[in-house]
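One-based numbering, in listed order, for ligands and for the atoms of each.
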Amino acid sequence: MGTHPAAMTLGRHGHNRAMKDKPAHHAMPQGSSTRLLHADRLGGVEHGALHKPMHTAAAFGYARAADLAAVFQGEQSGYVYARQGNPTGAALEHKISLLERARATACFATGMAAISAVLLALLRQGDHIVCSRYLFGNTASLLQTLAGLGVEVSLVDATQADAVAAALRPQTRMVFVETIANPATQVADLAGIGELCAVAGVLFVVDNTLTTPVLFRPRDVKAGLVVHSLTKAIGGHGNAMGGAVCDTGRFDWSRYPNILPPYRKGDAADWGLLQIRKKGLRDMGGSLRAEDAHRIATGAETLGLRVERSGRNAQAVAEWLERQPQVERVFYPGLPSHAQHERASHLFSGYGSLLSFELRPAVDCFAFLDALQLVILSSHLADNRTLAIPVAHTIFWEMGAERRADMGITDGLIRLSVGIEDEADLIADLDQALPGC
Ligand SMILES: *Cc1c(COP(=O)(O)O)cnc(C)c1O
């Protein structure tokens, strides 16, 4: 398959239909929420259904051998085997591209499958990658796997573009950062890093999971690739797993040395994502199920509303926690006390739903968590429900105390992923769980 054939077909049909049915509408610029809500209908969906149907077939048949061969050779758009993509997944890919204003998107079974595909498809032995020291724990663990395969990894403080600049080498192929780091909410110097990557010709990859395209689009700071865990805010309901890799169109793949000969064909703008698809989906098999693609696409329809509501709740909870005598510190980019508050205000149109805080040493962290009645003790984040977790004892346990200290994670740190419940109920639950002082 050439570029993403299904997404291209979708776009082409959508265009034709819109032009024929409602020419005036098409001329009006539309926001990404509007475009996403009408994407399936305008994409020439079967029977006029308002949702793309769930195509659960593993295989796709052809009447003519020449057509089957043409699809295999990337000369014709179509599907062959669901490991390499299915129509329901392609409809979701189209929507993620609308949200990120991306050139094209490939969807995966999980966020980690998407990140693995990027790193394993694009890096080779002897290459060097610069990553933020503040990373999602499993991404950090995956980097150890890469180091074992002969990729050199530098972990730097990505809140300072200078630290990234100092780490660059002639063999540096990629810089990988998260927008807001989990759990201590450090905000990377996204504009500064994007600029220096552009000057150095290095691929800039941004994990936009915590901000979502509603608050921030990495293409605006010159990122070449954007990755997402669709399991989090984009799906939002905690009932499906998925991941995405978006190509913003800002990186010149003709300059990337690791594109294999079969993928150096046609428009160079397609090469990177094509190789990521072939390796990550076809060869490694991290493919998104149609059922999950459907659920994520349904969840994504209300992304804008949910991000606004959970962000408002998170701001209220962060401000309330900061006033409590039992609380030592609160980390939330929306607080003026946050180290990168100004940067977050400048870059993002909101501060997200994740915060973390430390209780005073005298307060028993586990007793506080056990006393919560509404807030759920869970490792997930960006769910509709509010979730809490003691970070050092769980998601960052495996890496050990030294690495945790390096990442700014203390033993008493509690991560709170704020949902869309009623604000007063959340504060009442936290209040009753805090011991009196
Ligand atoms: C959850 C998460 C991932 C991994 O996504 P999964 O869908 O759980 O595999 C990657 N990056 C960030 C920032 C995340 O929060």
Regarding ligand 1, does Phe136 bring an N or O atom to under 3.5 Å of one of the ligand's N or O atoms? no
What atoms of ligand 1 come closer than 4.0 angstrom to any heavy atom of Gly242? 7 (O)
Is there a heavy atom of Ile115 sitting under 4.0 angstrom from any atom of ligand 1? yes
Run the side-chain donor-acceptor check on residues 387-409: report pairs under 3.5 Å with partners two or more places apart or on a different chain.
unit_1, atom_1, unit_2, atom_2, d
His393, NE2, Asp411, O, 3.1
Thr394, OG1, Pro390, O, 2.8
Thr394, OG1, Val391, O, 3.4
Arg403, NH2, Arg133, O, 3.2
Arg404, NH1, Phe396, O, 3.0
Arg404, NH1, Trp397, O, 3.2

Are any of the N/O atoms on Glu178, whether in the backbone or the side chain, positioned under 3.5 angstrom from an N/O atom of ligand 1? no
In plain terms, say whether Asp220 and Arg250 are close enough for a salt bridge, that is, a side-chain N and a carboxylate O under 4.0 Å apart. no
Under the salt bridge (charged side-chain N to carboxylate O under 4.0 Å, His left out) rule, collect the residues that match up with Asp247, sequence neighbours excluded. none
Going by the 4.0 angstrom heavy-atom rule, the piece of Leu210 near ligand 1 is side chain
Under 3.5 Å, N or O to N or O, is Gly111 touching ligand 1 that way? yes
Report the nearest protein non-hydrogen atom to atom 9 (O) of ligand 1: residue, atom name, distance rounded to 0.1 Å. Met112 N, 2.9 Å
Side-chain ion pair, Glu152 and Arg169, N-O less than 4.0 Å: yes
Ignoring hydrogens and geometry, is there a side-chain-to-backbone donor-acceptor pair from Thr172 to Met174 under 3.5 Å? no
Do Lys232 and ligand 1 have an N or O pair less than 3.5 Å apart? yes
Within 45° of the ring axis of Phe136 and under 6.0 Å from its six-membered ring centre, is that where the NZ or CZ of Lys232 lies? yes
Does the gap between the ring centers of Tyr351 and His341 come in under 6.0 Å? yes
Going by distance only, is there an N or O of Asp207 that falls short of 3.5 Å from an N or O of ligand 1? yes
